[in-house]
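As structure tokens, the structure follows; a few thoughts come after it.
We use all heavy atoms of the structure for the numbers below, so side chains are in, but hydrogens, waters and symmetry mates are not. First listed ligand is number 1; within each ligand, the first listed atom is number 1.
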Amino acid sequence: MDRVDSSRCHVVAIPYPGRGHINPMMNLCKIIAFRRPLDFVITFIVTEEWLGFIGSEPKSDNIHFATIPNVIPSELNRAADFKEFMNATQTKMEHPVEELLHRMEVPISVLIYDSYLSWVLNVGKRMNIPVASLFPMSATVFSMTYHYDLLVKNGHVGDNFSEKVEEVVDYLPGVAPIRVADLVTCFNGKGKEVMPIALQTVSMATKAQFLLFVSIYELEAQAINAFKSKLCTPIYAIGPAIPYYNFSEVQNDQNTPDYIKWLDHQPEASVLYISQGSFLSVSDAQLEEIIAGVHESGVRYMWITRGEPSRYKEENGEKGYVIPWCDQLRVLCHGSIGAFWSHCGWSSTKEGAFSGVPMLTFPIFWDQVPNSKMIVDDWKMGKRVRINDDILVSREEIVKLIRTSMDRESEEGKEMWKRAQDVKKICGQAIAEGGSAQTDIDSFISEILKIHSGIQKI
Ligand SMILES: O=c1ccn([C@@H]2O[C@H](COP(=O)(O)OP(=O)(O)O[C@H]3O[C@H](CO)[C@@H](O)[C@H](O)[C@H]3O)[C@@H](O)[C@H]2O)c(=O)[nH]1
């Protein structure tokens, strides 16, 4: 572990080990470090395996990594047994993390933990350190999980739910009316085996000293306000938690990756960017239809995919670029991108909103389903591709959806583009100086600095 300066406020960040969790936690740390470089030193705890993935990514000098051993299944086959992976995060990490915290020489002012690692609250209590819970999904998902008992009372979860999928749930505080089919999948669908963890996560998060939503306040004001008036815990909407501070620098960097050079040569708004997320995939038959649909649509595409790139490329390859990884936000903000095909992880959802491109939604699991509903029905900046597990979406349907979302001349395409631009503007205002995200981050920073000065006086 790197050495840290003891006069500064020492924040220790404990992210859940997954891309969609590590990114927003790291971005919040970077924002804190950027806004108050002299006041903070931040220790970011990851497994040794994750250090290998992210250790060389740029970060400021006052952020340091510390590691625990690889006590959980490898990230590389996490999807093979999701329940086992999640259970391991609940039972195997606490001890090595606590040991590591005890070994830190500089007093810890506050722990910021991913809400899905509820055990950090107990560690904080034992060590007498205040904790901030960072919920990595939407405030809307927090609300539907917090109010699970209302869903039970109304018969919208449980045995007969399949007869009620089209019923509308309109009684969840701060949540826009939503069909039963669009609730998080851990209530009724295939993720049910991890539902107890989801319920515990949310209930424990309300017991933290601070609750952080990685949300743009203006896009989820009702859900956030409902919790602000209900809970005593101070709540902050810290915005999209994306690396926007370095954005203009990145645009001008000298080491432009090849995929950006490829995009530079494509006409404006001509490329469909496709990313199905970091670990859960679709059936083989569905993948065949998607590949055929993308090619038959005739649009250019950049496709993020693991393994077998030849399967995704059309024969002459000129219209398509297939890679295993890219800087997604940078790609989405490139002028050549015309639409974003996404699995609707919460970070991808916010990155789509921030960059203002119409979206094609293909949610697979958990919060991705309500996120897809938010993009399509509430923000009106996208179209649903995937409906549910039982319906195979045909290539013909996919061709139609892609063409509509990329066609800025048609009425529908124009309207979606306009809505995407409106949402982009809202995100831009939230993260601007004096905007809602900036204001909440600064308030949170002030609170933790107060805690730190209290520790210093003792
Ligand atoms: O080539 C790529 C692909 C992805 N990303 C980034 O990786 C992150 C992915 O995060 P997210 O979109 O949230 O997807 P997952 O990693 O699948 O996120 C998991 O965790 C999220 C937060 O709990 C949930 O919302 C998702 O449903 C769950 O699958 C985003 O920041 C992307 O920009 C890249 O930079 N390059």
Q) So which of Ile14, Ile112, Val12, Leu121 actually passes side chain to side chain contact (heavy atoms under 4.5 Å, CB included) with Val131? A) Leu121
**Q.** Sub-6.0 Å ring centroid separation between His343 and Phe365
**A.** no
Q: For ligand 1, note which part of Met137 has a heavy atom under 4.0 Å away: side chain, backbone, both or neither.
A: side chain
(Q) Among Phe135, Phe142, Tyr236, which residue satisfies the ring pair (Phe, Tyr, Trp, His ring centres under 6.0 Å) criterion with Phe227? (A) Phe142
Q) Between Asn23 and ligand 1, is there a nitrogen or oxygen pair with a distance under 3.5 Å? A) yes
Q.
Heavy-atom count check: over 12 atoms from other residues, nucleotides or ligands less than 6.0 Å from Lys92 NZ?
A. no
Q: Heavy-atom contacts with His21 under 4.0 Å: which atoms of ligand 1 show up? List them by number with element.
A: 20 (O), 22 (C), 23 (O)
Q | Exercise: identify the closest heavy-atom pair between Ala13 and Pro15 | A | O-CD, 3.5 Å
(Q) Out of all atoms in ligand 1, which are within 4.0 Å of some heavy atom of Gln368? Include the element for each. (A) 26 (C), 27 (O), 28 (C), 29 (O)
Q. For Glu351 and ligand 1, does the shortest N/O to N/O distance drop below 3.5 Å?
A. yes
Q: Have a look at Gly20, Pro24, Cys344 and point out the one with the heavy atom closest to atom 9 (C) of ligand 1.
A: Gly20
Q.
Heavy-atom contact check, 4.0 Å cutoff: does Cys326 meet ligand 1?
A. yes
**Q.** Option nearest atom 11 (P) of ligand 1 (shortest heavy-atom distance, choices Pro136, Ser115, Ala241, Ser347)
**A.** Ser347
Q | Enumerated ligand 1 atoms positioned under 4.0 Å from heavy atoms of Ser348 | A | 11 (P), 12 (O)
Q.
Tell me whether Trp119 contacts the main-chain N or O of Thr89 through its side chain, where contact means a donor paired with an acceptor under 3.5 Å.
A. yes
Q | Within the 6.0 Å centroid threshold, strictly below: Trp262 and Tyr259 | A | no
(Q) Going by salt bridge (charged side-chain N to carboxylate O under 4.0 Å, His left out), Asp182 matches just one of Lys373, Arg384, Arg386. Which one? (A) Arg384
Q: Please say whether Asp327 places an N or O atom under 3.5 Å from an N or O atom belonging to ligand 1.
A: no
Q: Find all atoms of ligand 1 within a distance of less than 4.0 Å from any non-hydrogen atom belonging to Asp367, and give their numbers and elements.
A: 24 (C), 25 (O), 26 (C), 27 (O)
Q. Which of these, Tyr273, Trp366, Trp325, Trp346, has its nearest heavy atom closest to atom 5 (N) of ligand 1?
A. Trp325
